[in-house]
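The residues of the chain are indexed from 1 along the displayed sequence.
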Amino acid sequence: MCEDERHIGRRTLVVTGAAAALTLGSVTFASAADGETRTRTIRGTLPTGSPDFVYVPVEVPSGVREIKVAYTYDRPAVPAGTPGNALDIGIFDERGTELGGEGFRGWSGGARTEFFIRADDATPGYLPGPVREGTWSIALGPYTVAPQGLSYELTITLTYGEPGEAARPVYPPERARGRGRAWYRGDCHLHSWYSDGRRTPAEIGALARAAGLDFINTSEHNTHAAHAHWADVAGDDLLVMLGEEVTTRNGHVVALGTDPGTFVDWRYRARDNRFGRFARRIRRAGGLVVPAHPHATCVGCGWRFGFGEADAVEVWNGPYTPDDEVALADWDSTLVASAREGRDWIPAMGNSDAHRDPDVVGSPQTVVLADDLTREAIQEGIRAGRSYIAESAKVSLDFTAVGGKGEHAGIGGRLRAAADTPVTVRLAVTGAPRCTVRFVTDQGVLFTSAPLPVSGSGVVEWRTTPAYAAYVRAELRHETAAGPLPGALAALTNPIFLGR
């Protein structure tokens with residue numbers, strides 16, 4: 001075993017056109033006989049203000065069957081309100097660490113203390129494949145660093161020998177047995193043990209079916225390694241789309257329904273002016289760009305890239321909380337601007353972001369009007385805003401606007417009528433006992449109903465004109481205990497626009 005002390009303070013910061021990064025000196029291994037192992041241990045300290053990524057090059061000789069990496073770091077006590085140490089980890093192979101390049105081989109963030117890669121298998125979150133000769137790079141991501149600094153230890157072990165036989169990946173189909181044009185329920189933000197979740201894909205599939213879902217989207221943090229592990233979960237009754245939660249230091253974005261095997265890089269901040277490039281990468285791979293929990297309060301979770309590239313935005317993430325209320329208000333402001341400026345609008349969606357028990361898969365869920373249960377049809381419905389968000393499969397909505405001459409429009413549509421044309425807005429609800437209906441327009445909340453009966457079913461109507469309301473969307477709110485604040489959401493629709 002060889003030990004090597006490394007301290008960032010004696011190294012030079014390298015800025016590569018994206019997020020600041022630092023590359024340390026190489027760790028070198030010699031060749032060895034089949035069946036032998038060689039280990040190197042290095043130690044270092046990262047100060048506060050460290051670059052986003054620190055790369056430790058590893059010179060891998062020929063004849064290596066497996067590479068294994070384990071790491072630890074200290075967690076000193078810090079004052080209340082001060083972030084402590086958190087160190088993420090991943091690896092790139094001999095093809096390099098270039099932003100958006102082909103060298104990515106896996107990422108586990110802070111979810112694991114060790115990982116391995118060989119041709120026939122790899123730790124969840126990492127891509128199996130040959131361990132080829134060349135310079136590999138262990139990627140350290142100092143997520144937060146305590147005032148005392150972050151001391152770490154890396155142990156790298158190579159096992160020599162002939163590689164195992166690589167398995168050919170099998171991906172889920174892009175179509176399930178649908179009902180033709182119908183409303184389909186889905187949850188597009190989920191985590192398994194292939195990132196920081198604790199459930200297997202099979203467990204998630206069972207929970208999705210129990211929640212009444214028709215489709216799901218995989219969204220592991222910063223890795224596509226799970227894509228080849230969902231084929232057995234999909235079926236005639238469940239469409240499984242593939243994606244990634246691109247987890248940057250300036251916000252997270254769900255790549256929704258990308259082609260199998262698509263990797264989307266995350267190593268940039270808003271100031272680097274790189275997000276547009278990777279949003280286009282998502283779209284070229286057939287996916288949608290969906291900023292996730294844009295007002296979440298966790299470190300690095302708040303969205304800083306703007307919404308110019310968004311195909312939809314996640315305004316409701318898991319159990320309804322104050323940051324969802326802020327996201328909803330922010331989204332509504334974008335609707336107001338779109339209506340007044342006559343430009344495109346961004347639809348809303350909701351997902352569970354479920355990781356482990358007791359997180360509820362399918363709460364909330366996005367209910368999409370699509371031509372069939374296929375990846376393309378579901379994405380088209382989301383992009384068009386033909387959808388609503390419900391807290392569970394118990395809640396169903398039928399939201400329409402009808403003009404004086406029988407003109408008709410549904411969720412995400414436009415009722416084309418003159419400014420003074422009377423319009424009747426109608427919402428039929430099931431599964432929402434004692435909830436209150438609110439109709440929200442570009443002028444604010446213009447109608448609030450009495451609570452629905454305990455049966456949870458009811459019909460609420462309101463009359464307006466395009467001159468009075470440029471759009472109308474509906475909210476179902478649970479009863480609130482006291483005060484003027486609205487209760488938590490039970491359901492939310494995308495808008496119907498009114499007027500020419």
[Y] and [X], any side-chain heavy atoms less than 4.5 Å apart:
X: E475; Y: V440; value: yes
X: Y143; Y: L87; value: no
X: Y194; Y: T223; value: no
X: Y184; Y: I378; value: yes
X: E114; Y: V69; value: no
X: T72; Y: T155; value: no
X: S363; Y: S392; value: no

Ring centroid separation W266 to F278 under 6.0 Å: no
Ring center gap for Y55 and W136 short of 6.0 angstrom: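 No.
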Verdict with supporting geometry, H227 and Y171, side-chain hydrogen bond (donor to acceptor under 3.5 Å, both in side chains): CA-CA 7 Å; H227 286 190; Y171 301 112; over 6 Å; no
What heavy-atom pair brings [X] and [Y] nearest, and what distance separates the two atoms?
X: S352; Y: L190; value: OG-CD2, 3.4 Å
X: T48; Y: P147; value: CG2-CA, 3.7 Å
X: L22; Y: P51; value: CB-CG, 3.8 Å

D121 atom CG, over 12 foreign heavy atoms within 6.0 Å: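 More than 12 heavy atoms, drawn from other residues, nucleotides or ligands, come within 6.0 Å of this atom.
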Salt bridge (Lys or Arg N to Asp or Glu O under 4.0 Å) partners of R375, counting only residues at least two apart: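 Partners of R375 under the salt bridge (Lys or Arg N to Asp or Glu O under 4.0 Å) test: E174, D259.
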Contacts of E376 that satisfy salt bridge (Lys or Arg N to Asp or Glu O under 4.0 Å) - sequence neighbours left out: none
Disulfide (SG to SG under 2.5 Å): pairs with one or both residues in residues 84-150, sequence neighbours excluded: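 For residues 84-150, and leaving out neighbouring residues, there are no disulfide (SG to SG under 2.5 Å) pairs at all.
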Selection residues 188-272 - residue pairs positive for disulfide (SG to SG under 2.5 Å), sequence neighbours left out: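 Non-adjacent pairs meeting disulfide (SG to SG under 2.5 Å): zero.
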Among residues at least two apart in sequence or on other chains, which ones pass side-chain hydrogen bond (donor to acceptor under 3.5 Å, both in side chains) with [X]?
X: D357; value: R199
X: Y320; value: E325
X: D332; value: Y471, R473
X: R181; value: D371

Trace of the side-chain contact (heavy atoms from CB on, under 4.5 Å) decision for L256 with M349: CA-CA 12 Å; L256 196 165; M349 65 182 309; 3.9 Å; yes
Distance check, rounded to the nearest 0.5 Å: [X] atom [atom1] versus [Y] atom [atom2]?
X: Q148; Y: T45; atom1: CD; atom2: OG1; answer: 12.0 Å
X: H224; Y: S195; atom1: NE2; atom2: OG; answer: 13.5 Å
X: Q379; Y: L288; atom1: CD; atom2: CG; answer: 4.5 Å
X: I138; Y: T97; atom1: CD1; atom2: OG1; answer: 13.0 Å
X: E59; Y: R40; atom1: CD; atom2: CZ; answer: 12.0 Å
X: D353; Y: D187; atom1: CG; atom2: CG; answer: 9.0 Å

Ion pair R132/D93, N-O distance below 4.0 Å: yes
R198 and E203 ion-paired at < 4.0 Å: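 Result for this pair is no, no salt bridge flagged.
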Partner of R179 by salt bridge (Lys or Arg N to Asp or Glu O under 4.0 Å), out of D214, D236, D372, D237: D214
Any donor-acceptor N or O pair under 3.5 Å, side chains D330, S333: no
Distance-only polar pair, side chains of D323 and H293, donor-acceptor under 3.5 Å: no
Verdict with supporting geometry, L492 and Y388, side-chain contact (heavy atoms from CB on, under 4.5 Å): CA-CA 6 Å; L492 163 74; Y388 64 88; over 6 Å; no
Aromatic plane relationship, F104 with F263 - under 30° parallel, 30 to 60° tilted, over 60° perpendicular: parallel
Aromatic ring pairing Y268/F275, orientation class (parallel under 30°, perpendicular over 60°, tilted between): tilted
Residue pairs, two or more places apart or on separate chains, that pass ring pair (Phe, Tyr, Trp, His ring centres under 6.0 Å) and touch residues 363-386: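 Ring pair (Phe, Tyr, Trp, His ring centres under 6.0 Å) check on residues 363-386 returns no pairs.
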Pairs touching residues 324-354 that satisfy ring pair (Phe, Tyr, Trp, His ring centres under 6.0 Å), sequence neighbours left out: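 Ring pair (Phe, Tyr, Trp, His ring centres under 6.0 Å) check on residues 324-354 returns W345-F497.
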Full working for side-chain contact (heavy atoms from CB on, under 4.5 Å) between V233 and I204: CA-CA 9 Å; V233 177; I204 292 172; over 6 Å; no
side-chain contact (heavy atoms from CB on, under 4.5 Å) partners for E102, two or more places apart: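 Counting only residues at least two positions away or on another chain, E102 forms a side-chain contact (heavy atoms from CB on, under 4.5 Å) with R95.
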side-chain contact (heavy atoms from CB on, under 4.5 Å) assessment of N217 paired with V254: CA-CA 9 Å; N217 177 72; V254 172; 3.8 Å; yes
Lys/Arg cation over aromatic Y126: R105, 6.0 Å, 45° cone: no
Cation-pi geometry met for R249 and F53 (6.0 Å, 45°): yes
List the atom pairs, donor and acceptor, that lie under 3.5 Å between side-chain atoms in residues 299-309 and the rest of the protein, sequence neighbours left out.
residue: W303; atom: NE1; partner: G306; partner atom: O; Å: 2.7
residue: E309; atom: OE1; partner: R283; partner atom: NH1; Å: 3.0

